[in-house]
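A short worksheet on the structure shown next.
Lettering follows sequence order; numbering is per chain, from 1. We use all heavy atoms of the structure for the numbers below, so side chains are in, but hydrogens, waters and symmetry mates are not.
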2 protein chains.
Amino acid sequence: MTDADRLGELPTPQLVLDEARMLRNVARLRARLAPHGVSLRPHLKTVKSVEVARRVLAGGNGPATVSTLQEAEVFAAAGIPDILYAVGIAPGKLNRVLALRATGCDLSVILDSREQAEAVAAASRAAGDPIPVLIEIDSDGHRAGLRPDDPALPAIGRILHAGGAALRGVLTHAGESYGVSGDEAHAAFAERERAAAVRAAETLRAAGLPCPTVSVGSTPTAHAARNLDGVTEVRAGVYVFFDLVMAGIGVCSTDDIALSVLATVIGHQRERGWILVDAGWMAMSRDRGTATQAVDQGYGLVCDAEGRVLGDLVMSAASQEHGTLSLRPGSTKVLPELPVGTRLRILPNHACATAAQFGDYAVLPAEAGAPLARWSRFGGW
Amino acid sequence: MTDADRLGELPTPQLVLDEARMLRNVARLRARLAPHGVSLRPHLKTVKSVEVARRVLAGGNGPATVSTLQEAEVFAAAGIPDILYAVGIAPGKLNRVLALRATGCDLSVILDSREQAEAVAAASRAAGDPIPVLIEIDSDGHRAGLRPDDPALPAIGRILHAGGAALRGVLTHAGESYGVSGDEAHAAFAERERAAAVRAAETLRAAGLPCPTVSVGSTPTAHAARNLDGVTEVRAGVYVFFDLVMAGIGVCSTDDIALSVLATVIGHQRERGWILVDAGWMAMSRDRGTATQAVDQGYGLVCDAEGRVLGDLVMSAASQEHGTLSLRPGSTKVLPELPVGTRLRILPNHACATAAQFGDYAVLPAEAGAPLARWSRFGGW
């Protein structure tokens, strides 16, 4: 039974997940990290699905990272007991954190300021529940976090430790690693993550503070790290599905991309070299992450219904519900003949963004011959 | 009662709709078109909400345009009887079109090829239900449609008319009008829409074919058209909420933008001039529609909780759940002091894309002192 047969008459556009590719991606990172003796805490912001989480987490319910309290609540309700909410905590969200912790979930938070630390300590004391906290460290100037040598670091540690919260350690994320290409460059960012986090941990310990967890990671650095001495856990998210941005910086190939959008040809502008499909940016998302890479994939790279890349055909423009397919500029190929009604699969620039546009996955199960499955996704905050 | 009071402790990020601004925008276009004697068929792809549709459509359930069959189904179930599905029809969707028509909704479709016309005619005959069709005309090279002088136009008209479908007329959309600024430039595109649609209608009529409907429109052209002779209806969508892209081309001011995203400050990188909030691209969407305009608004323009623009502060970068606010390059202003926990409202580049990231609107009712309301939105296809 071919993929096209299994996809049958599915209305388009529809998000499609190739489970075999996903399981291969999951196994690859597990194998990559095993010799390092660190634990893997996958980031579930990409998948937002309990069915996918079961296949990604160690033992089906191992440690997880999330980007919203909604994710924490859904995954905790599914019995996942150890969840890190990895966006700097807003004091107004602490009641919700405490309510979820009261259900038995070991939910931890991150922060990088005295104001946040004081709010978390006060909330911990008021509830009689020491909220576990990782202090966020800035290893690459990407976004949030304290420099590892910032004198505020031990001060914040003391506010937490003495104030009634549970100081659990430090965390960093080298988001800038997405902007460089190749294993050497990613390994250098991995070492920056490691060095910054370990140095911060040493600073806390030198101040007599606990720091059991040293958490690092991003998909590029997790696949390239050579030395993880002093690190206790690695986080990564998009590796589960991979995408064109990750292929563009050499972390995967397009054959590893487990996510695509099924679309139908609805028209042609032949003299302009355009093929129109019923998937626009509402389906693909507005993400143009490959625009600044060596190969610009437009809004996505076009495959046939079996998932085979069709040469240089990309979604070069998108309106809300229209995608315009054309050959990549400079291509010497001939525009393929794709009549109205032809079904195609389009690989996304950014799996997190494209998946978020859909309420479920149409799953091509890894088991040969198994019929299409549907796995639900959730959204919101 | 201030807006900030009405928004109270609402969890962030949250989509906020200012009903008074929305009603003003709706009234403005109605008044603008009234002297022209054309009907207005608002595009509901922006709003995706029955509560909003009631306030936008003539008499609460007048003619509507949609971009997906899901929209058609939801609005038809709400009793809206006349709906145009304005994306080129895929033959595989005709069963769903017929099923919805069988419930009593006058659902019409659009197309621009013989293959589609033959499929619609065959489906109409098989069902004994003449599916109403507008032929799509290309007035500006933007996307789909036949040139008004394409010999395929009368041929397609005949396939439909003789084949059992209901040829209802022609439709065009000058999507390129979004790329030019100012009333004169938009009026020129409005005239291109009118001229192309009227010429196509004359071609059909000269061939002995019916063409009762001549449908044109986009938000910029609808607000600028000077002569609508020969046009029977105008379509527009984003005008209901407006957004920074529309402000950037002079169709509205930032004070007209009815949609914003409520967010909370979660951190600072003071030496870099950054303020971090808990709304990233998952909340704002990845739309960067102002990137190519005279004023680049980043991922959004920052207002205080009352909706007042805070000078030159924009969301200059976004991750999935983090927004980085900074002063626009070249600004002479001072970064405002916004402590952790401060609540802000961020105006979107593109209302359609930002609204699509949320499951509901928190509505600031037009009635003074009325408490916050919640209106649901839907998504999917």
Under 4.5 Å from any heavy atom of chain B - which part of Glu271(A): side chain
4.5 Å side-chain heavy-atom contact, Asp360(A) and Trp375(A): no
Partner residues of Phe358(A) under the ring pair (Phe, Tyr, Trp, His ring centres under 6.0 Å) criterion, sequence neighbours left out: Trp381(B)
Residue Arg96(B) versus chain A: region with a heavy atom under 4.5 Å: side chain
Ser285(B) vs His350(B) side-chain heavy atoms within contact, under 4.5 Å: no
Distance-minimising heavy-atom pair for Pro348(B) and Ser260(B): CD-CA, 4.4 Å
Chain B contact via Pro339(A) - side chain, backbone, both or neither, heavy atoms under 4.5 Å: neither
Heavy-atom side-chain contact between Met315(B) and Thr324(B) under 4.5 Å: no
Asn349(B): which of Thr354(B), Asp287(B), Asp296(B), Thr290(B) passes side chain to side chain donor-acceptor pair (under 3.5 Å): Thr290(B)
Donor-acceptor pair, side chain of Gln14(A) and main chain of Tyr361(A), under 3.5 angstrom: no
Selection from Arg143(A), Gln269(A), Gln320(A) maximising heavy-atom pairs under 4.5 Å formed with chain B: Arg143(A)
Backbone N/O of Gly289(B) and side chain of Gln293(B): donor-acceptor pair under 3.5 Å: no
Segment of Arg114(A) engaging chain B (4.5 angstrom heavy-atom cut-off): neither
Leu344(A) side chain near Leu325(A) side chain, heavy-atom distance below 4.5 Å: yes
Residue-level contacts of residues 277-284 of chain B with chain A, using a heavy-atom cutoff under 4.5 Å: Asp278(B), Trp281(B), Met282(B), Ala283(B)
Glu321(A) portion near chain B, given a 4.5 angstrom heavy-atom threshold: both
Among the listed options Ala86(B), Ser113(B), Pro13(B), the residue most often paired with chain A at heavy-atom distances under 4.5 Å: Pro13(B)
Heavy-atom pair count under 4.5 Å with chain B, highest-scoring of Cys352(A), Pro11(A), Gly380(A): Cys352(A)
Proximal component of Ser67(B), with respect to chain A [non-hydrogen, under 4.5 Å]: both
Arg343(B) side chain vs Leu10(B) backbone, donor-acceptor pair below 3.5 Å: yes
Contact origin within Gln357(A) toward chain B - heavy atom pairs under 4.5 Å: both
Which atoms of Arg272(B) approach chain A - backbone, side chain, both or neither, heavy atom under 4.5 Å: side chain
Top of Gly267(B), Pro91(B), Ala144(B), Gly341(B) for chain A proximity - count of heavy-atom pairs under 4.5 angstrom: Ala144(B)
Lys45(B) backbone acceptor or donor facing His43(B) side chain under 3.5 Å: yes
Quiz item: cation-pi between Arg288(B) and Tyr299(B), 6.0 Å / 45°: yes
Structural part of Thr68(B) lying under 4.5 Å from a heavy atom of chain A: side chain
